[in-house]
Novice: 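Let me begin by handing over the structure; questions about it come next.
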Amino acid sequence: MTDFEPKIIGFLCNWCSYAGADLAGVSRIQYPTNLRIIRVMCSGRVDPALPLGFLAEGADGVMITGCHIGDCHYIDGNLHAKRKYGLLERLVAKAGLEPGRIMLDWVSASEGQRFADIVTGFTDQVRELGPNPAVTDPCVKLNLMAAKAAAAEYRLRALVGKEEKLVTEGNVYGEEMTQEEFDRIMEEVVETEFTRNKIRLILSVKPMSVKGLSAETGIDSRIILDHVVALRQRGWVDLHEVQGNSPVYRAMEVQ
Amino acid sequence: MSEEPRIGVFVCHCGINIGGYVDVPDVVEYATGLPDVVYAEPNLYMCSSDGLQKIQEAIKKYELNRVVVASCTPRTHEPLFQSACEEAGLNKYVFEMANIRDQCSWVHMHEPEKATQKAKSLVRMAVAKARLLVPEEEPEIDIRPTGLVIGGGVSGLTSALSLADQGFKVHLVEKEDRLGGTLLKLDTLFSSNVKASEVINPLIKRVKASTDVTVHLDSRVADVKGFIGSFDVGIETRGEPEMLSVGTIIVATGADYLSPEGLYGYGQVDNVVTQMELEQLFKEGGRLDGVKTLVMIQCAGSRNEERPYCSRVCCTEAIKNAIKLVKENPKRDVYILYRDLQTYGIEFSMMEYDAKKSGVKLVMYDKERLPEVTGGKRGPMVRVYSPLLDEELTIETDMVVLSAPIIPNEDNEALSKHLKVPLNSDRFFMEAHVKLRPLDFATDGIYVCGTAHSPKEVAESVSQARGAASRAGIPMAKGRLKTAAITSVVDEAKCSGCGTCIELCVYNAITKNERGLAQVTSAVCKGCGVCGASCPERAITMRHFTNEELEAQGLAALKEA
């Protein structure tokens, strides 16, 4: 390979993984220098918008590690980490980025060797993938920014927040939902929110017509129109001007 | 906060631990140029009293309002630096650490240039976060005045009694059906040759008589939840579950002895036993009358690739038993075959002299040419090459005694997972810091003593047990403890009252207020941040780990130095 040195950001939970990383040090276990660790109290604290933001800004890989399932310092924070990571995976895929650029795994405080192995493996994997295309390809960057915006919005967050309960206990009416049913709904909402946020980002740079948006995104103009209508209802998009017969839309500043 | 950040960066050499691999002066110079950094300096040991004083002087001299120390891990040293900042009048939450030792110099020892680059990067990230830090107030929690001691051997009994003597209630959990642990199996203890029973029996008696100590025999820890002050520990007694509510936990689970199957004829040749079995023969009395020649072999299963550590007690134990055997019958030939005889310390080093004086024959052997034990006519036959004599000796014996090492308990793994405390590479429990916090785990409220921690003799175990009980007694005596201000806080202007956070919080720290909006009880919040990462309206901020702070850290990481 070339002398490409991937930039990797790691979110490590304070109680297990960060301690495991320290143990790798105490044990003098060597691993590649590419990882930059951000300490968080719990892997469940990793808001998917954060890794997506770093990927948009050119991180070549983002890893998240927490306590092993069942061993979470905060009882079940890592289960929430897993749910959130599910959303992250969907949005990374939606943005057209290689799935190998993100990773979630579990490292206990006593697993220094395992930590080093995971870092080495992930670094090799990202090195193999090469530089993050978002750095050179504005389309990928736009997609990742749209993914980040989608992850920061109410609908996806509300859905992921309820996932554990909906799938394991059922809704307020006591109706249980299978993981498959949930996944189907999730996929739909991810598609919708991703596209709407992308439209909004495009319009924030330059006002466009539905036709123009369709050409820009490669999405059927009828679908774009539906999204534009929804975005207007949310107050995120408004009419800018009418060119000929085509209304041109612009993005609104949202508080 | 309107105050402009004035950041001081302090970069530690940690002797050669960092300085030997990372170009510390270069990192200091780099730090000086980072935004809002008004001062940077190196120190040989930042955690020394001199180092701490330098930080405090700089805070005053340069009017610092944020401090970054680039050194080891916050898991062991953050509290020390935070209190130094507090003494100099800063709030402890305006302090940030860059881990350039455990997560940099130690893991990149062969790549000094890249390690230096990474150290700069880690400092840049810490400074980026420090710029956004704000002072925080700490909530207080109650500490239950009850301790849990896991293990009913000499360490567990000692620490349980010590806690009870301090006025606390104690739950003592022992996996066997009786108290006493390893000392029940020993005949005498070096160096005073006191009977092991004379040490352990009074402890057992006192524990049984104590109204403050509740003993749970045949019991195991099955589940641990909670934090310092309020641990909920699920135990199982002969399959029956029970929940114990305690404030602190002492791990005194002891250790095991290696059964050296296949080593030096053990299990194959008759009359090859371990020191532990020899102790039993002593206890039974008269069993050794016919033994005229006896050979002890040291390091039987330790200080090798599989078990690199020294088991610490075997040399002194062998010498104690050898002297006893020779004194019983001066005509006996007793040999100790050793690699390095280590009867350390004041009282034990004299024993080596005593052994020689009483006629115990000490023969050094070579690690590359280990002694061999085969079946002979009268008993085990030992052949040993002595590098000092440069010849091979053949010894016809009646008995061979193997000094097999103390090994970690098999269930250490499971317990370490329940308690979320680490084991070292030898699978013994590992303290937070070998010198600064030798009896604590990095997790607050959990302490360690005795051979659960490492092989050690009884007096050392007793000292550690008392020490661990004293450590555990500190928060329990205070009764209240300030907890980290790392808690979540709701922005009511953004909260829609959807209740997602309330459902997600396992500590029930979030409730709805009279306006139907989420409200966090800080003292109950443990700071995991799950609520903040999930809040649909992004109305929840995690103190000290805000989105803005984490984002700044990550973006700083992506910026090339």
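What's counted below: heavy atoms across the whole structure, side chains too, no hydrogens, waters or symmetry copies. Each chain gets a letter, A, B and so on, in the order the sequences are listed, and its residues count up from 1. Here the structure is a predicted model, which means the values were calculated and not measured.
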Novice: Contact part of A:Pro32 toward chain B, heavy-atom cut-off under 4.5 Å: side chain, backbone, both or neither?
Specialist: backbone
Novice: Heavy-atom distance under 4.5 Å to chain B: side chain of A:Ile29, backbone, both or neither?
Specialist: backbone
Novice: Quick check on A:Arg155 against chain B: is it the side chain, the backbone, both or neither that has a heavy atom closer than 4.5 Å?
Specialist: neither
Novice: Pick one of side chain, backbone, both or neither for B:Lys118, based on which atoms fall under 4.5 Å of a heavy atom in chain A.
Specialist: both
Novice: Which answer fits A:Val119, side chain, backbone, both or neither, if we ask what part of it has an atom under 4.5 Å from a heavy atom of chain B?
Specialist: neither
Novice: Looking at B:Cys531, B:Cys528, B:Cys535, which makes the most heavy-atom pairs under 4.5 Å with chain A?
Specialist: B:Cys528
Novice: Checking heavy atoms, do the side chain of A:Val26, its backbone, both or neither come under 4.5 Å from chain B?
Specialist: both
Novice: What is the minimum heavy-atom distance between A:Met145 and A:Leu201, and which atoms define it?
Specialist: C-CD1, 3.5 Å
Novice: Under a 4.0 Å threshold between the charged nitrogen and the carboxylate oxygen, would A:Arg127 count as salt-bridged to A:Glu5?
Specialist: yes
Novice: Between B:Cys501 and B:Ile540, is a side-chain contact (heavy atoms from CB on, under 4.5 Å) present by the stated rule, with each step listed?
Specialist: CA-CA 9 Å; B:Cys501 54; B:Ile540 298 179; 3.7 Å; yes
Novice: Does any heavy atom of chain B fall under 4.5 Å from the side chain of A:Ser108, the backbone, both, or neither of them?
Specialist: neither
Novice: Hey, would you say the B:Tyr93 and B:His544 ring centroids sit under 6.0 Å apart?
Specialist: yes
Novice: Relative to chain B, which segment of A:Phe115 carries a heavy atom at a distance below 4.5 Å: side chain, backbone, both, or neither?
Specialist: neither
Novice: Measuring heavy-atom distances to chain B, does A:Ala81 have an atom under 4.5 Å in its side chain, in its backbone, in both, or in neither?
Specialist: neither
Novice: With under 30° as parallel and over 60° as perpendicular, where do the rings of B:His433 and B:His77 fit, or are they tilted in between?
Specialist: perpendicular
Novice: Among B:Met109, B:Glu551, B:Arg538, B:Glu111, which has the most heavy-atom pairs under 4.5 Å with chain A?
Specialist: B:Arg538
